[in-house]
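Worksheet: one structure, shown below.
Only a predicted model underlies this, so the values are computations on that prediction, with no experimental measurement involved. First the proteins, then the strands, lettered A, B, ... as listed; each starts at 1.
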Amino acid sequence: MKKGDHLFLVDGSGYIFRAYHALPPLTRKSDGLPVGAVAGFCNMLWKLLQNARDTEVGVTPTHFAVIFDHSSKTFRNDLYPEYKANRSEPPEDLVPQFGLIREATRAFDLPCVELQGFEADDLIATYARLASEAGAETTIISSDKDLMQLVTDQVSMYDPMKDREIRIPEVIEKWGVPPEKMIDLQALTGDSVDNVPGVPGIGPKTAAQLLEEYGDLDTLLERAGEIKQNKRRENLIEHAEKARVSRELVRLRIDAPVEEGVDTFELSPPDGPKLIGFLKAMEFSTLTRRVAEATGADAGEIDATHVEVEAGDEAHGPDMGSDAASGKDATGTASAASSVADGVDTPQKLADALAEAAPAQTIDRTAYVCIRDLDTLREWIADAYEAGLVAFDTETTSLDPMQAELCGFSLASRPGKAAYVPLSHKNGTGDLLGGGLIEGQIPEKEALDAIRGLMADPAVLKIGQNLKYDWLLMYRLGVEIVNCDDTMLISYVLDAGTGSHGTVGHGMDALSERWLGHVPIPYKELTGSGRNQITFDMVDIERATAYAAEDADITLRLWQVLKPRLAARGLVSVYERLERPMIPVIGRMEHRGIEVDRQILSRLSGDFAQTAAAMEDEIYELAGERFTIGSPKQLGDILFGKMGLPGGSKTKTGQWSTSAQVLEDLATAGHPLPRKIVDWRQVTKLKSTYTDALPGYINAETGRVHTSYALASTTTGRLSSSEPNLQNIPVRTAEGRKIRAAFIAPRGRKLISADYSQIELRVLAHVADIPELKKAFADGLDIHAMTASEMFDVPVEGMPPEVRRRAKAINFGIIYGISAFGLANQLGIPREEAGAYIKRYFERFPGIKDYMDNTKAQARATGYVETIFGRRAHYPEIRSSNPQLRAFNERAAINAPIQGSAADIIRRAMARMDAALENAGLGEVQMLLQVHDELVFEAPEEAVEKVIPVICDIMENAALPARALSVPLQVEARAADNWDEAH
DNA sequence: GTGGTCTCCTA
DNA sequence: GTAGGAGACCACA
């Protein structure tokens, strides 16, 4: 064991008692064996092993052991015969679980440690000392106060039931004394459960106060005579010896003669089949499925292990044989998954074997079923329960889930076995009002009623492709989908940015071709396209069945191939924490929409039209002719041809550029026309893109605007917004802000806008570890002024605005993967000068240069870079021989961890926000929009003051507990009637 | 009608 | 210099 390693020590005995009382009683289904504590224990171990990075612990263990009490008699009984004397026998239904928990530990392939004559706590103390001496960190999985004396900088505790970490500050907060004084504190207070006497009349509060005043127990007992309170003084003097004995009882031994060294606790990957065998024997179906998913094992192929149950806590069951892995199912027909699973021993090999086997499986559309009656549907639902999972897909009349009507849905619980349930297919015989519903379809309401329970049942995993769509559609129809996996999001986590120019999409057709070697029926083949396109409800049911059932079948097969790849590549927590939770969160946001004032926009549109018309007249006058102002080509001909103005830069097709920058320069040079063009463009841009387009997005039913957020479209992890894009509503100019002011709250409610201040620079300060930046943020300084002061040796006081502006541009440039060319462009200075600035910056903040070089090197070596939460962004073209393309990818790779980490942080905030607002009980407070570093909410007017701190708290602490940033996050929030004033 | 180019809106 | 989406124009089908 060495520095950088991390030892997890689970207090197995402590856990049993706590779980037994805290968790609902649970018995094994088949024979009534009580297994509640075992279930809790297994779930906890699995969670720790799987998600340690994202629980409060925030680290991944390298070493792991579970520690148990050996027997009830220990060296403490020699010190004090009454120790634990008033302990009653453990409850009857807990007794058999002692042995089972040891079996569980072995099934997890974890060391199971106990020692005659010592309590688990002593072994934990001893191992924590050994780990600390080796320079490693230790996390003790327990919330027992008796262990808090062990907490140091290197040793912390974790309460698995509350998902809470206990470090030095938490100990002080809880007990009023630091960990090293816990022994003295417990000596004074005693412990009635363990029959440690202590001093009568002294509880934790008094003890902490006395220790604060006198320093330690010995001093306190010596000077007890000075205490003013009569009773307290007498007790301390009279029971001094009891206190000293108590101290020896509570003091943990750090020198227990342990047999196994800490090095033997090194963690190896779980043996899926062995573990599954045990879990099946316990009949923990949910956990069995989770383990099967994560390890890629096929649970259906593994037999339950035979587990002997003995009474008493020294029970040792039979050895967990690894033959469990070779178990075949009753029919003897090995599925694709299980046949490739043989002889495969690592998650990566298994994932690769699954991927290799998948294209060989044939996809037979003739086997698909069309479900036309409720009884058959119910059979399929029962199948889904049996399998514990179901691929689900809807067919509708629109790409917009807020407008779409349901035509039918498809289900698949086993590869090749898929069904379509048509609900509202019509034939052409109806009149213009769309009659002609085809007979033999289950009425929509009855079908929805039938699947509602399945969809809402967390015990059955719902698998979809772009499930947010189906989630929102079904939510509108009163069906909530709980516990989802999304193959699109899994693919996104695995492969964001792979392929040249990010060409690897995560759509189903692309995934099917790539992973299954199968081209699904193209949608257009059923509906046609263009003017003759028909809606899906007009598609012939037989053809619809082949198409729709295939979608569910393919989704299920994709899931089987892709899901194991997450574990193989260490991306489970990225998916679980940053992607999966977004489906319902974003689904609800889109469903809520935001109110937009039609009148304001219509009035603005009229104003803009008038202004533009007047400008057009002036432009024609100045140009001497009428032309299409909006055509860069025609405009170029006028400016640089007819009028003979000097051209600035050229576009990549060789045309003279007419960009705002070029026109601005010409205007500065004294020409009147370019200025008019710039102004005209601004007005027409605002009119066409915003005031004219937005009203068309107001939903007829809800009267609100519902954007659509793409969860898997960016390389960095940001969301994108479309139809309409609400992430680019104007804010920089006064004219533009009039549009923003059209986004309003309904009567009696307010909009709240909360945005992270400088989140990307803060992330940069953290990841590149720049002391000056970190200090500036910690002190709440003006970061750009500080940068300017460092770079140009100018005091912050009385700094000219231009100096600060340059520093600001450089700071942003750093985030964007700076180049002298880009900075020169931005600041309008010569390239050499920009280069000199950059050089100076790197001299002042050498850590930034290191960060950039390291990031580039990592991207070159691995093909990807990572955010602080482990999200990966791929840049395969960083190895291109084309210098321009390579440089571009280098800049993007430098930017991605910064932009991506910020994106991850706000995703974490969003994942928690709904529950936090709900718990706050402040009325209907709803998260409506996300604009990269800003969240927009709607809240009752009277609740606003109380809501804002709740929002800020969640956002500012969003990185915790997974990551502790070395820089504080700061959120600014305001409420108003419209988005402009709130922002 | 579709796709490429240019421009411009946001963080 | 990063990450997006969208509208207008225009050449092509």
Side-chain angles (χ1 to χ4, degrees), chain A residues 496-497 502 529-533 627-636 649-663 677-678 680-690 692-694 697 707-710 713-733 735-737 739-740 755-761 764 809-827 831 834 837-838 852 865 873 875 884 887-900 902-903 906 929-934 983:
Chain A
S529 63
R531 122 185 6 248
N532 299 319
Q533 182 162 358
F627 66 103
T628 309
I629 308 170
S631 163
K633 190 167 169 293
Q634 292 187 33
L635 177 62
S649 57
K650 290 206 173 174
T651 67
K652 63 179 168 205
T653 53
Q655 289 264 322
W656 284 112
S657 167
T658 65
S659 68
Q661 181 64 58
V662 170
L663 298 181
I677 304 285
V678 169
W680 177 87
R681 277 192 183 157
Q682 194 208 356
V683 171
T684 53
K685 166 83 181 177
L686 294 176
K687 182 172 185 292
S688 66
T689 309
Y690 300 105
D692 290 354
L694 277 173
Y697 287 104
T707 183
S708 174
Y709 289 103
S713 75
T714 70
T715 308
T716 54
R718 274 191 174 182
L719 306 181
S720 76
S721 155
S722 63
E723 295 184 304
N725 180 357
L726 295 186
Q727 290 180 324
N728 72 347
I729 300 303
V731 72
R732 286 184 219 265
T733 65
E735 289 297 289
R737 280 197 297 274
I739 290 160
R740 191 166 277 241
D755 66 298
Y756 283 108
S757 160
Q758 310 279 18
I759 188 168
E760 293 193 346
L761 274 177
L764 173 70
I810 296 167
N811 276 333
F812 276 100
I814 295 296
I815 291 173
Y816 297 154
I818 203 156
S819 77
F821 181 85
L823 184 62
N825 256 347
Q826 174 68 33
L827 286 175
R831 187 120 42 111
Y837 282 180
I838 294 169
M852 290 185 160
V865 291
Y875 295 96
Q884 261 200 304
F888 175 77
N889 277 271
E890 286 175 354
R891 291 192 297 271
I894 287 168
N895 172 256
I898 303 168
Q899 186 184 116
I906 198 164
L929 304 178
Q930 189 251 41
V931 193
H932 308 307
D933 65 0
E934 173 189 10
H983 184 73

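- Every residue meeting the side-chain contact (heavy atoms from CB on, under 4.5 Å) condition with A:P730, not counting sequence neighbours, appears here in chain and number order: A:L686, A:Y690, A:I739.
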If you look only at distance, which donor and acceptor atoms sit under 3.5 Å apart when one is on a side chain in residues 820-827 of chain A and the other is two or more places apart or in another chain?
none

Open item on the list: Does the protein touch nucleotides 5-13 of chain C at the base, only the backbone, or not at all? Give it as B, S and - per nucleotide, heavy atoms under 4.0 Å.
Closed with: BSSSSS---
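- In the 5' to 3' direction, nucleotides of DNA chain B lying under 4.0 Å from heavy atoms of chain A begin and end at B:dG1 to B:dA11.
- Nucleic acid contact for A:R891: sugar-phosphate only, since backbone atoms but no base atoms lie under 4.0 Å from a heavy atom of the residue.
- The salt bridge (Lys or Arg N to Asp or Glu O under 4.0 Å) search around A:E735 returns A:K738, not counting sequence neighbours.
- For A:F888, the side-chain contact (heavy atoms from CB on, under 4.5 Å) test picks out A:R891, with sequence neighbours left out.
- Using a 4.0 Å heavy-atom distance criterion, A:I729 is classed as a sugar-phosphate-only contact.
- When the ring pair (Phe, Tyr, Trp, His ring centres under 6.0 Å) test is applied to A:Y837, the partners found at least two apart in sequence or on another chain are A:F792.
- Every residue two or more places apart in sequence or in another chain was checked for a side chain to side chain donor-acceptor pair (under 3.5 Å) with A:T689, and none qualifies.
- Nucleic acid contact for A:S529: none, since no nucleic acid atom lies under 4.0 Å from a heavy atom of the residue.
- Scored by the side-chain contact (heavy atoms from CB on, under 4.5 Å) test, A:S713 finds A:A710, A:S720 as partners (sequence neighbours excluded).
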